[in-house]
Amino acid sequence: MEERRNLLPHYLIRATLLGCFSLYIVHLVKADKLQYYIVPRMIPYVKYGAMALFLLAGFYLFIAVQRGGSGAEEDCDCGHEPPRSILRNGMIYGLFAIPLLLGFMLPDRIMGSEVVAVKGMNLNVATVTQRPSIPVQPVDAIEPVTTSEPLGEMPNNNLDTTASDPKDVVEAQPSAHDELDKLFPADEFSIDYAELGKKLYKRDVIPIKTVGFLEMLTMLDLFKENFIGKEIVISGFVYRENDMKKDQFVVSRMAMQCCSADAMPYGFLVKSANGATLKKDTWITMTGKLSTVNYRGNDIIQLEAKKITVIKAPNDPYVYPYYDDFDELAKE
Amino acid sequence: MNATFGIVIAFIVLFSLNPSLISNLSFTVGPEVHTFKTMLISIVLEALPFLLLGVFVSSFMHVFIPEAWFRKMIPRNPYLGVLVACLLGIVFPICECGLIPIVRRLVSKGMPLYAGVVFILVGPIVNPIVFSATFNAFRTKPEMVYARMGLAIAVGAVIGLIIYYFVKINPIRISRESINNASTHTHSHSCSRFVEMLEHAGGEFFDMGKFLIFGSLITAAIQAFVPRSDLVNIGQGEFGSHFFMMGFAFILSLCSTSDAFVASSFASTFSAGSLLTFLVFGPMLDFKSTLMLLSLFKIKFVLFLAGLIAITVFIGAWMLGNHYLN
């Protein structure tokens with residue numbers, strides 16, 4: 001410590017930057033926009049982070065005042081002395097200022113078509129989220145085939161697939177259940193979805209809510225043949241690709257796992273006579289009849305719109321993976 | 001000089017008091033810039049709490065825990081030492097943003113280098129948080145979780161032993177002496193221990209944070225400007241997919257707690273083995289953490305480490321992919 005440095009500017013700049021980060025988070029919380037960037041379960045941690053930043057900012061102000069008068073005090077910092085060159089310091093502190101400037105200066109926007117254009121729309125959910133999608137087979141071939149493949153690794157699953165709902169199998173009329181089982185063939189990968197499908201199969205109108213959005217899309221995609229003609233109620237934003245017909249668009253939601261960086265768009269193709277009038281990124285809630293169509297070489301679900309209502313974008317526009325009991329999704 | 005500071009601070013105070021003032025200016029920029037902003041803010045916000053946690057834990061350890069304790073914590077026997085370092089993550093479940101400042105402190109306090117490196121590599125993977133995240137992402141394929149954990153430990157053990165036997169020079173950027181001397185001098189002046197801890201935390205926050213933010217900038221730029229379909233189309237095939245996934249994981253720089261979900265979204269297009277590469281290589285080495293590693297080690301050592309990680313992960317993931325996951 002032969003040389004005495006005036007660290008006062010450092011203390012002040014650091015206090016300012018830390019304070020601004022903290023303020024930015026508070027600003028997002030107040031504007032109720034933190035969920036545009038972070039999944040809800042992470043939000044408490046970010047709030048604690050804001051408190052820690054505030055504490056550090058206050059601390060730097062404190063030592064700036066305490067040591068400021070006498071120039072530099074001997075610093076008990078070990079290996080963390082700021083570099084001496086003004087240019088390097090400017091670059092380092094500038095780096096911290098970039099997210100702050102962007103954050104404060106650009107409006108907080110919901111991710112929509114512009115993000116989808118980069119990430120790519122997923123229209124056949126099941127093949128994306130599920131590993132081996134179930135080939136829809138002739139009914140009588142199903143029983144032996146579904147279990148033969150995974151048998152080697154997980155012999156127990158054989159039991160699970162056939163007797164996952166043992167009470168029902170024994171008590172209720174076996175004929176109806178056999179029929180359902182044949183309509184919803186399941187292996188270990190899709191058993192949960194098949195069970196969900198069986199419960200929803202009886203309904204004429206199937207609402208897709210924000211909770212369990214991805215899971216419902218996956219289920220419908222896995223067993224789309226069974227749901228042809230049913231009415232689907234779904235909300236999302238409008239997205240278009242160049243090669244879609246004039247009356248076609250996608251009703252989509254962004255699914256977020258952790259933060260916006262890992263968000264992926266999922267949705268259904270929609271066919272609507274006056275669909276062309278809807279601008280991209282318009283939020284709609286719609287009712288449509290489920291059908292299938294070949295798009296870019298894949299059979300995918302297409303909803304033939306019956307009713308489309310323009311709505312305000314929800315405050316929390318994203319959907320999140322669902323980890324709870326699938327039975328809850330089948331409830332009204 | 002002081003005048004500039006004054007003006008800058010005045011501006012910052014002005015718009016922090018009234019943030020809407022600035023957003024009302026609303027000058028027009030391209031949609032990519034908005035995407036870039038969204039990505040950048042989300043990555044920074046997601047990593048901040050973990051970085052802060054790491055910085056505070058490391059400063060706490062530096063100020064309050066005697067050095068001898070750390071030397072005792074890792075057994076002298078290198079095999080046992082590597083094993084303990086592999087499993088440390090279970091006790092300290094911190095992802096890489098928080099881990100590197102802690103290990104920097106641990107190594108400077110006398111933890112052997114090989115153990116520190118193993119902790120950096122394996123800690124972000126073998127811990128309860130990542131276990132449950134991976135389990136949830138691959139709920140239909142639990143072998144993936146075991147393969148991920150197992151391969152991470154194996155890779156960590158191999159690299160730890162290689163470092164123990166072959167690395168004789170000290171690759172730490174700040175020499176061990178300076179840190180030790182500094183910490184042994186007694187802080188008899190007004191600097192109480194709590195103040196000392198905060199000062200360390202602040203210093204480390206800016207030290208590590210600059211790498212984190214630089215890494216986030218690059219990551220956000222790639223996410224905003226390079227279509228993901230282009231990335232996916234670049235490489236496929238038995239070996240190609242592994243190398244592609246390494247590059248992909250490196251560029252994306254996702255936190256180990258969230259990368260499993262991204263990997264599972266590629267489950268239909270990529271082989272299980274290459275996804276394993278993604279899941280093990282990513283947390284060990286990515287853009288963000290490489291920059292942070294450079295703050296800890298000399299460039300040569302980081303390159304050496306990167307090479308070792310790439311080779312061992314590839315061999316392991318390829319073997320597991322062919323013999324266990326399919």
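What you see is a predicted model; the values in this text were computed from it and never measured. Just so it is clear: chains get the letters A, B, ... in the order the sequence lines come, proteins before strands, and each one is counted from 1.
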### Task
Kindly determine whether Ile98(A) and Ile213(B) satisfy side-chain contact (heavy atoms from CB on, under 4.5 Å), including the steps that lead there.
CA-CA 9 Å; Ile98(A) 294 173; Ile213(B) 291 186; 5.7 Å; no
Under 4.5 Å from a heavy atom of chain A, the part of [X] involved:
X         : answer
Ala224(B) : backbone
Leu198(B) : both
Phe56(B)  : side chain

Are any non-hydrogen side-chain atoms of [X] and [Y] less than 4.5 angstrom apart?
X         : Y         : value
Val115(A) : Thr38(B)  : no
Tyr93(A)  : Lys210(B) : no
Phe225(B) : Val118(A) : no

Out of curiosity, [X] [atom1] to [Y] [atom2], how far, rounded to the nearest 0.5 Å?
X         : Y         : atom1 : atom2 : answer
Leu106(A) : His34(B)  : CG    : NE2   : 5.5 Å
Tyr37(A)  : Met39(B)  : OH    : CE    : 10.5 Å
Leu100(A) : Ile41(B)  : CG    : CD1   : 7.5 Å
Leu48(B)  : Tyr24(A)  : CG    : OH    : 11.5 Å
Phe59(A)  : Phe194(B) : CZ    : CZ    : 8.5 Å
Asn89(A)  : Phe206(B) : CG    : CZ    : 11.0 Å

Is [X] close to chain B through its backbone or its side chain, or both, or neither, when contacts mean heavy atoms under 4.5 Å?
X         : result
Tyr48(A)  : neither
Leu102(A) : both
Leu56(A)  : side chain

### Message
For a side-chain contact (heavy atoms from CB on, under 4.5 Å) check, start with the C-alpha distance between Met91(A) and Phe214(B), then their side-chain angles and the critical distance, and finish with the verdict.
### Response
CA-CA 11 Å; Met91(A) 274 170 59; Phe214(B) 188 65; over 6 Å; no
### Task
Quick one: do Val46(A) and Glu46(B) satisfy side-chain contact (heavy atoms from CB on, under 4.5 Å)? Show the steps, please.
CA-CA 7 Å; Val46(A) 177; Glu46(B) 191 212 1; over 6 Å; no
### Task
Please determine, among Tyr45(A), Tyr60(A), Tyr36(A), the option with the most heavy-atom pairs under 4.5 Å with chain B.
Tyr60(A)
